[in-house]
Visitor: 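Can you keep this structure in mind? I'll have questions shortly.
Computation of the quantities below employed the complete heavy-atom set of this structure, encompassing side-chain atoms and omitting hydrogens, waters and symmetry-equivalent molecules.
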Amino acid sequence: MSIATAVDGYLRHVAVERGLAANTVAAYRRDLGLYTAWLVASSEEAPSRPVSDLRAVTRQHISAFVQHLGLRAPSPLTAASIARVLSTVRGFHRFLLDEGLVEADVAHDTKPPKLALRLPKAISIEQVEALLAATDGDDVQRLRDKALLELLYATGARVSEVVNLNVDDVLVEVFDSVRLTGKGDKQRMVPVGSFARAAVSNYLVRARPLLSARGRSTPALFLGVRGQRVSRQNAWLIIRAAAERAGLTVPVSPHTLRHSFATHLLAGGADVRVVQELLGHSSVATTQIYTLVTADTLRDMYTTAHPRAR
């Protein structure tokens, strides 16, 4: 079996049998493209290449590939990106072993580079309020933008989860929650506060019918100016424009609202496992990084306010 055929088989496996999202499968394809291109390229530094048969790949090849990612010119990958690519490669080699295409999993013991602990970047409640206020207005785009941003902050949803919402996912009759579809097509119900409920209801009544009339019929909740579903890129541009109008000097992205949602909940006393469920994290360890943000905030407040803290 050729390397390309093996890669296609693995991508079908993760798409069909594991049910991974299309964006995730596309990321796997890019990662394996880097890996296989490196395998088949000749190199004076690695006389064991090029490799045309996956059975000839060794642990040394995997280690050399990881090193290559960190040194490649002109754009070496960060430790986080290397870890992601290696995770894909390791999954690929596990698949090859399970399918009997190789005799050993040569990638199993390869360790990713250590990642520096990066705390999520949240903005303050006052900055969130300024951002949301910057979407005030009665024209159809402002009504849509208000609903989009309010819903992102109210639910802590990933931007892909919100732009993929259909009207039926919003329980309009008793609109106090929304059905989100996260990674691996896992669904969860997330409560929605009064501000977001009002903004979405206002958008559905006053703006969406006008936007829908401009294009083909679609079940999408959020529509662009031509009546099509709003894309992730569109959502990013909407938020950036609102941040500029609000005069915010810090970078703001859709994920900023997700980070702010989690940070503000924990600062307000929410249990970390509740926040885990709301965010759709498979492991509480992923959510616990937000507790570090809250601890840093408390420490800063203590240092500033306590008369004998300095």
Side-chain angles (χ1 to χ4, degrees), residues 1-15 17-18 20-99 101-121 158-160 183-184 232-233 236 251 253-256 258-259 281-283 285-286 289 292:
M1 179 182 292
S2 70
I3 293 178
T5 302
V7 168
D8 287 341
Y10 176 64
L11 294 175
R12 284 196 301 272
H13 165 74
V14 296
E17 297 187 29
R18 290 176 53 190
L20 297 187
N23 288 335
T24 304
V25 176
Y28 281 20
R29 185 182 298 278
R30 289 192 296 271
D31 293 343
L32 292 176
L34 285 175
Y35 176 54
T36 56
W38 180 85
L39 280 178
V40 301
S42 59
S43 170
E44 294 181 2
E45 292 77 17
S48 59
R49 289 193 288 139
V51 175
S52 58
D53 187 340
L54 288 167
R55 290 172 296 184
V57 177
T58 66
R59 288 178 173 83
Q60 288 71 31
H61 283 110
I62 307 297
S63 297
F65 173 64
V66 170
Q67 186 177 21
H68 159 76
L69 292 176
L71 298 175
R72 67 175 196 158
S75 53
L77 297 188
T78 63
S81 295
I82 293 172
R84 188 205 67 237
V85 175
L86 178 59
S87 176
T88 303
V89 171
R90 291 176 65 174
F92 176 54
H93 276 277
R94 280 197 304 272
F95 167 79
L96 296 176
L97 180 64
D98 292 342
E99 294 295 308
L101 300 175
V102 296
E103 296 180 356
D105 181 356
V106 296
H108 175 72
D109 294 328
T110 306
K111 303 298 182 185
K114 289 186 177 181
L115 302 179
L117 181 61
R118 293 194 306 167
L119 298 180
K121 294 180 180 178
R158 302 174 180 91
V159 65
S160 59
K183 294 181 177 180
R232 291 184 301 163
Q233 291 77 13
W236 192 92
S253 70
H255 227 61
T256 304
R258 178 170 166 85
H259 293 324
H281 286 160
S282 58
S283 169
T286 308
I289 191 171
L292 299 176

Visitor: Measure across Val40 and Val51 and return the closest heavy-atom pair with its distance rounded to 0.1 Å.
Guide: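 Closest pair (atom of Val40, atom of Val51, distance): CG1-O, 3.5 Å.
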
Visitor: Roughly how far, to the nearest 0.5 Å, is the CZ atom of Arg18 from the OG1 atom of Thr24?
Guide: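 One finds 9.5 Å between OG1 of Thr24 and CZ of Arg18.
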
Visitor: Given side chain to side chain contact (heavy atoms under 4.5 Å, CB included), test Asp31 with Val89 step by step and report yes or no.
Guide: CA-CA 8 Å; Asp31 293 343; Val89 171; 5.9 Å; no

Visitor: Distance check, rounded to the nearest 0.5 Å: Ile62 atom CD1 versus Asp109 atom CG?
Guide: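 Here the rounded value is 11.0 Å.
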
Visitor: Do Thr5 and Asp8 have side-chain heavy atoms sitting under 4.5 Å apart?
Guide: no

Visitor: On a heavy-atom basis, which atom in Leu86 and which in Thr110 lie closest, and how many Å separate them?
Guide: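 Heavy atoms of Leu86 and Thr110 come nearest at CD2-O, 3.8 Å.
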
Visitor: Measure across Leu97 and Ala104 and return the closest heavy-atom pair with its distance rounded to 0.1 Å.
Guide: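 Looks like CD1-N, 3.9 Å.
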
Visitor: What's the separation between atom CG in Leu69 and atom OG in Ser75, rounded to the nearest 0.5 Å?
Guide: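 Reported to 0.5 Å precision, the distance equals 10.5 Å.
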
Visitor: Starting at CZ of Arg232, measure out to CG of Asn23 and round the result to the nearest 0.5 Å.
Guide: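 Arg232 CZ to Asn23 CG: 4.0 Å, rounded to 0.5 Å.
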
Visitor: Output the distance between atom OG1 (Thr88) and atom CZ (Arg29), rounded to the nearest 0.5 Å.
Guide: 12.5 Å

Visitor: For Thr256 and His259, which I'm curious about, is there any donor-acceptor pair between the side chains at under 3.5 Å?
Guide: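 His259 and Thr256 do not have a side-chain donor-acceptor pair below 3.5 Å.
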
Visitor: Kindly give the heavy-atom pair with the smallest separation between His61 and Trp38, and that separation in Å.
Guide: O-CH2, 3.2 Å

Visitor: Search all heavy atoms of Pro254 against all heavy atoms of Val159 and return the closest pair with its distance.
Guide: CB-CB, 3.5 Å

Visitor: Can you name the closest pair of heavy atoms from Phe65 and Leu34 and give their distance?
Guide: CE1-O, 3.8 Å

Visitor: What distance do Arg158 atom CZ and His255 atom NE2 have between them, rounded to the nearest 0.5 Å?
Guide: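 One finds 7.0 Å between CZ of Arg158 and NE2 of His255.
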
Visitor: Can you name the one residue among Phe95, Tyr28, Phe92 that meets side chain to side chain contact (heavy atoms under 4.5 Å, CB included) with Leu11?
Guide: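 Passing option: Tyr28.
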
Visitor: With a cut-off of 6.0 Å (strictly less than), are more than 12 heavy atoms of other residues, nucleotides or ligands near CZ of Arg90?
Guide: yes

